[in-house]
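What follows is a short report on a single structure.
Below, chains carry the letters A, B, ... as their sequence lines are ordered, and counting in each starts from 1. Keep in mind it's a predicted model, so treat the numbers as computed, not measured.
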Amino acid sequence: MPVKKRKKDLNLMENLYIPEIAKGLALTFKTMFKPKVTMEYPEVKFQPPASYRGRPVLVQEESGVERCVACGLCSRVCPALAIEVRASETELEKERYPEKFEINMLRCIFCGFCEEVCPEEAIVMSKDYELVFTDREDAIYGKDKLLVPVANLKDRLEFLRNFK
Amino acid sequence: MDIWGIVIESVVKILFVLTIMLLTVSYLVLAERKVSAWIQSRLGPNRVGWGGALQPFADVAKLLLKEDIVPKAADKTLHTLAPFLAIFIAFSTYAVIPFGPPITLFGREINLHLADVNIGVLYVLALTSLGVYAITFAGWSSGSKYSLLGGIRSSAQMISYEVSMGFSIGGVVMMASSLSPVDIIESQSGWMWNAIVQPIGFITFLVSAFAETNRLPFDLPEAEPELVGGYHTEYSSMKFASFFMAEYANMIIASGMIVMLYLGGWQVPYIEKLGLGSPFTQIIQTLSFFVKVGFLLFFFIWVRWSIPRFRYDQLMNLGWKVMFPLSLLNIVWVAVVIMLFN
C-alpha cells in the first residue's frame, strides 16, 4: 500500500525542527511579558455580566412586598426539587402570597428554569456567586435571605425582557 | 601543604557547593512555577512571603508532614533505596565541575572545584548513567504497572541518548586533548568556545542533556497523561521530594556540564585586556559561570513550557537515526578543524 501523503509535506526547514522550535520559543517568550489574566480573588472580585446565572432570588417591590403570587410553578419545574412554596391569602391586589418560600441551596443546580417559568418575573437569577454555608441547615435559604430589592436586580430584569 | 589546611579547605568548599545546590534546587522549583505561569498568562505563586519568595520552604514543610506510604506489592528495600540513590548521585556529580578560576585566599591557592579528577568528564558520564538505576529501581520495586512502564521507558531512553551524548563529548575531548574539566575550560579561551567551533556537537549535546534529565520534550518516564506519575507514582512524602530534588539537581548538573564543555566554563572572552587586577577578574569570571548556568536553567524551563512531548517511537527515531549520526558527523568536523588550524 502506498504511503498516504499529507496534505502539505514538511519542507526542509520545517524538517530540521530547530527553526520551528525557535519560533515556538519566541512566542512563549513574548507571552511572558503580556498582561496577566489572573484575578486575585479575595481582593479583586469578578463582576458577572447580566446573563450570569448566580443564586436565585425573589424580587421585592419598592413597597417592600414580594412579587411572588405563590403559584408554585417554580417548585413544580425545579429538576432538583430544591424549592418549597406554601401559599396563603392576602388583602393586597394580588390576593395570594407565599407564606413560606424556601430554596435548598445544596440542591439548586442553577439551571434557571424557575426564572423561565415564572409568570410574574418574581424569581430571577442574581449575580451573587459567593455561597458559603457551614452546615446543612444554613444551606436552606428562607424568605429573609431570598428577598432582594428590585433596584439591585435591574440588569437581570432588563436582560430577561430583551432575551427571554 | 599541611593536611589540616587541605581538610578545612575541602570541607568549606563542600559545604559551599552543597548549600548553593540545595538553595538553587528549591528556588528552581519556584522559578519553574513562576515561568510556567508567566508563559500561560498567569501570575504564579505569590502568597507566601514577598511575591512568593518563601514558597519553597512552605512546600518542604508540607511534604515533610505528609504520610510516607509504601504499597503492599512493593519491594520494600529497593523502594526505599531508590530515592536515596537518586539524590546521592545527583548531588555527588557536581564534585568535578569547576565554577571559577583558581583564587588566592589567606596565602593559599584555592581551586574552585571540589576535585580535580583528570578523567572528570568520564566521572560525570559514569554517575549520570548510574542515575538510570534509581529510576529503574523505583519503577520496578513499586509493584505498579505505571511505575514499571515509566522505569522501562526511562532506561531505554537514557541508554539511547547516552550514546550521542558520549560522541558529542568526543569532539570536545579532541579539541582539549584531555578529559580533565580544568583543561577543557582552559582550551576554550577567547572566543574559542566549543559552541561556536562545533555547533552540531553543541546541539546534539543539548538535546541529549534534555533527554538525560527527563525534561520535556523528552519526559516520557513520567508522562503524566499516560502514566499517572511514571516511576514516582507510588512515592509520597520526602521520598517523592527526593526524586523531585534529584530531577532539579540533574538539571543544574546538565547546565554546568553544558557551560563547562561548550560555553567556556568560567571564561569571559578577552577579560584580561580590561586589566582589572587580581581579585576582580576572578570574581567576574566566577559570576559569569553562574550567569551562564542560570541562563541555561531558564532555557530548560522555557523549553519545557513551549514544546509538546515526543511520542515514544519518535523519541527513539530521533535518538538513533538523527542524534547519533549527527554526533558522529561532529567528530569528523572537529577532526577537520584540528587538521586545518593546528
Side-chain angles (χ1 to χ4, degrees), chain A residues 1-55 105 110 126-135 138-139 155, chain B residues 31-48 50-52 164 195 199-211 215-218 295-311 314-315 317-319 321-323 325-327 329-330:
Chain A
M1 216 175 90
V3 181
K4 207 180 160 192
K5 277 224 165 189
R6 278 190 248 184
K7 229 180 217 170
K8 185 173 161 256
D9 269 330
L10 300 179
N11 62 30
L12 179 70
M13 283 309 271
E14 284 164 347
N15 251 328
L16 280 178
Y17 287 144
I18 308 273
E20 296 297 309
I21 287 172
K23 263 193 224 167
L25 288 176
L27 182 77
T28 45
F29 194 75
K30 263 188 263 163
T31 318
M32 279 180 68
F33 302 100
K34 282 191 182 153
K36 312 286 175 257
V37 295
T38 311
M39 273 184 211
E40 295 194 76
Y41 166 62
E43 290 98 40
V44 184
K45 286 193 177 147
F46 168 55
Q47 297 301 331
S51 59
Y52 190 81
R53 291 203 306 260
R55 172 171 83 92
M105 292 312 295
F110 304 93
S126 67
K127 289 182 182 180
D128 185 8
Y129 54 85
E130 288 173 315
L131 296 162
V132 182
F133 3 87
T134 46
D135 67 59
D138 281 358
D155 267 13
Chain B
E32 171 112 53
R33 292 173 66 181
K34 274 284 187 192
V35 171
S36 70
W38 292 334
I39 284 177
Q40 297 164 353
S41 291
R42 294 182 289 115
L43 288 169
N46 63 354
R47 295 285 154 146
V48 194
W50 305 270
S164 54
I200 302 172
F202 176 58
I203 287 167
T204 48
F205 188 86
L206 196 66
V207 174
S208 312
F210 272 91
R215 294 284 296 181
L216 234 115
F218 307 113
F295 174 75
L296 276 170
L297 290 174
F298 169 72
F299 184 72
F300 267 85
I301 296 171
W302 182 17
V303 166
R304 172 168 178 188
W305 296 99
S306 304
I307 300 173
R309 180 179 297 119
F310 270 67
R311 213 169 56 210
Q314 292 172 329
L315 175 93
N317 258 337
L318 187 73
K321 292 189 190 159
V322 180
M323 286 302 149
L326 273 182
S327 54
L329 184 72
N330 178 57

> Going by atom types only, do B:W305 and A:T28 share a side-chain donor-acceptor pair under 3.5 Å?
Replying inline: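 No, A:T28 and B:W305 have no side-chain donor paired with an acceptor closer than 3.5 Å.
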>> What residues of residues 29-36 of chain A make heavy-atom contacts with chain B at a cutoff under 4.5 angstrom?
In response: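 Result: A:F29, A:T31, A:M32, A:P35, A:K36.
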Chain A contact via [X] - which portion, at a heavy-atom distance below 4.5 Å:
X: B:I39; value: both
X: B:V303; value: both
X: B:L326; value: neither

>> I'd like to check the side chain to side chain donor-acceptor pair (under 3.5 Å) partners of B:R33; sequence neighbours left out, ordered by chain and number.
In response: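 B:R33 satisfies side chain to side chain donor-acceptor pair (under 3.5 Å) with B:D59 only.
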>> Once side chain to side chain donor-acceptor pair (under 3.5 Å) is applied, do any residues pair with B:S327, and if so which ones, sequence neighbours excluded?
In response: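 Not a single residue meets the side chain to side chain donor-acceptor pair (under 3.5 Å) criterion with B:S327.
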> Got a sec, which residues hit salt bridge (Lys or Arg N to Asp or Glu O under 4.0 Å) with B:R42, two or more places apart in sequence or on another chain?
Replying inline: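 Residues passing salt bridge (Lys or Arg N to Asp or Glu O under 4.0 Å) with B:R42: none at all.
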>> Ignoring hydrogens, what is the shortest heavy-atom contact between A:T38 and B:L43? Give both atom names and the distance.
In response: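 Minimum heavy-atom contact is OG1-N, 3.3 Å.
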